[in-house]
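Single-structure report; data block below.
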Amino acid sequence: MLFWRDLAGHERIKESLFKARQLGRISHAYLFSGPPGVGKKTAGLAWARALLCKKGDTDACGFCYDCQLFERGAHPDLKIIRSQGASIKIAQLRELQDSAALTSFGGGRQVYLIEQAEKMTNAAANCFLKILEEPPAGVVFILVADDGMAMLSTVMSRCQHYRFNPLPEDDVLQVLGRTCGGNNDQARVAARMSMGCPGRALLMLNGSDQREEMLQLLMSLTGQRRYLPVDGLGLDGREDLDGFINCTRLFFRDALVWKISGSTELLINIDYQEAIAELAGAYEEQDLVDILLTLEKSARRLAGNANQRLLIDSLVLQITGSEREV
Ligand SMILES: [Zn+2]
């Protein structure tokens, strides 16, 4: 697991929290927000590690008992809260409230990392708000959220909020190099297509399972070249949509590369050559460029919390060509 000092990019946030740890000015609650795959959870864990080590100066020391426990993923004072089903429920927050009231196992801090914190139900968020109003001593909450603005504003205002912006391509490559030793053409293309989010690039390189499913959906759109109602697509919620847009971008990107160069060398989905050739054959070069531009725009608008239904609607119109025929 990473140290805070080893995080790629996000220099301003790193500096600010180095200083906070050095001066002992630790907040009760942090909110790390930013697009999916940008590295918020990795940062949250690295910050938790820095908070649980009782030695070190600006960061965890890496040698003490706390650091060793953390490295093994076995530190009893780090607790991770995730959604159960579609949401984080009030029962989970009540349980958290009870356990936060106890003293820590190791005599230091207790750290609670709450993933996708925007998924708290209203009741859960209100319960959390009560905890934050009288925060138990020695307890630090790290909230991680794709969409910080979707949180209750009263919760947000009680957290120290850090926004994680997309990383420059070189930083994404640094993460890829460290995680999967990738610094070849494929890694470079994945870094470029990830829009500054290493998590996305890793999914691409590891051949996310979503691809087969998304390719089927895409082929049903391009094959029939007719508009399907949004509800018929089986895309449910922001994550599905994000997955669809990302996979589709890569397939259309490959189709364009294939059409222009006729070469398989620079394909990302190298294992889907047949489908890519089919896709390339179904569109004119300019159509592929237009669709790619729309997909880029859609990805940005999705990150900016656009209306998902309208967004997928216009995307499908463009892919099926219905827009051009009208
Ligand atoms: Zn340590």
Side-chain angles (χ1 to χ4, degrees), residues 1-34 37-82 92 95-117 128 131-132 135-145 158-165 167 171-172 174-181 198-199 202:
M1 267 191 240
L2 277 190
F3 287 98
W4 185 251
R5 54 185 171 273
D6 293 333
L7 280 187
H10 308 303
E11 295 303 329
R12 191 185 53 80
I13 302 177
K14 268 163 77 177
E15 267 315 304
S16 161
L17 291 186
F18 271 144
K19 227 173 259 167
R21 191 185 186 279
Q22 193 171 32
L23 300 172
R25 287 192 194 142
I26 305 301
S27 171
H28 290 294
Y30 295 88
L31 169 61
F32 290 179
S33 72
V38 78
K40 308 174 297 284
K41 189 184 163 195
T42 304
L45 284 170
W47 182 230
R49 180 180 210 167
L51 292 174
L52 288 169
C53 169
K54 299 183 202 79
K55 299 186 175 168
D57 178 21
T58 54
D59 197 357
C61 72
F63 302 106
C64 71
Y65 185 57
D66 286 296
C67 283
Q68 286 172 28
L69 281 175
F70 196 96
E71 182 66 37
R72 297 206 305 268
H75 202 298
D77 292 318
L78 169 68
K79 296 191 181 84
I80 298 181
I81 317 286
R82 298 188 177 91
Q92 293 175 270
E95 204 176 300
L96 179 155
Q97 190 170 23
D98 290 344
S99 93
L102 304 171
T103 39
S104 66
F105 287 92
R109 295 188 178 97
Q110 292 187 69
V111 178
Y112 291 84
L113 189 135
I114 305 181
E115 286 182 36
Q116 293 186 294
F128 187 58
I131 303 175
L132 286 184
V139 175
V140 178
F141 299 101
I142 303 173
L143 281 68
V144 172
R158 281 184 167 75
C159 297
Q160 220 173 80
H161 189 178
Y162 289 97
R163 284 189 186 80
F164 285 70
N165 293 319
L167 292 172
D171 287 340
V172 177
Q174 188 194 330
V175 176
L176 297 185
R178 191 164 54 203
T179 348
C180 58
L202 282 168

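First listed ligand is number 1; within each ligand, the first listed atom is number 1.
- For Ser27, the side chain to side chain contact (heavy atoms under 4.5 Å, CB included) criterion is met by Tyr30, Gln160, not counting sequence neighbours.
- Not one N or O on the side chain of Lys40 forms a donor-acceptor pair closer than 3.5 Å with the backbone of Leu31.
- In this structure, Asp77 has no salt bridge (Lys or Arg N to Asp or Glu O under 4.0 Å) partners at least two apart in sequence or on a different chain.
- Only protein N, O or S atoms were scored, and 4 of them lie under 2.8 Å from the Zn ion (ligand 1).
- His161 approaches Ser33 most closely through the heavy-atom pair NE2-OG, 2.8 Å.
- Under the side chain to side chain contact (heavy atoms under 4.5 Å, CB included) criterion, Phe3 pairs with Arg5, Asp6, Arg49, Asp59, Ala60, sequence neighbours left out.
- A salt bridge is defined here as a Lys NZ or Arg NE, NH1 or NH2 lying under 4.0 Å from an Asp or Glu carboxylate O, and Arg12 with Glu15 fails to meet this definition.
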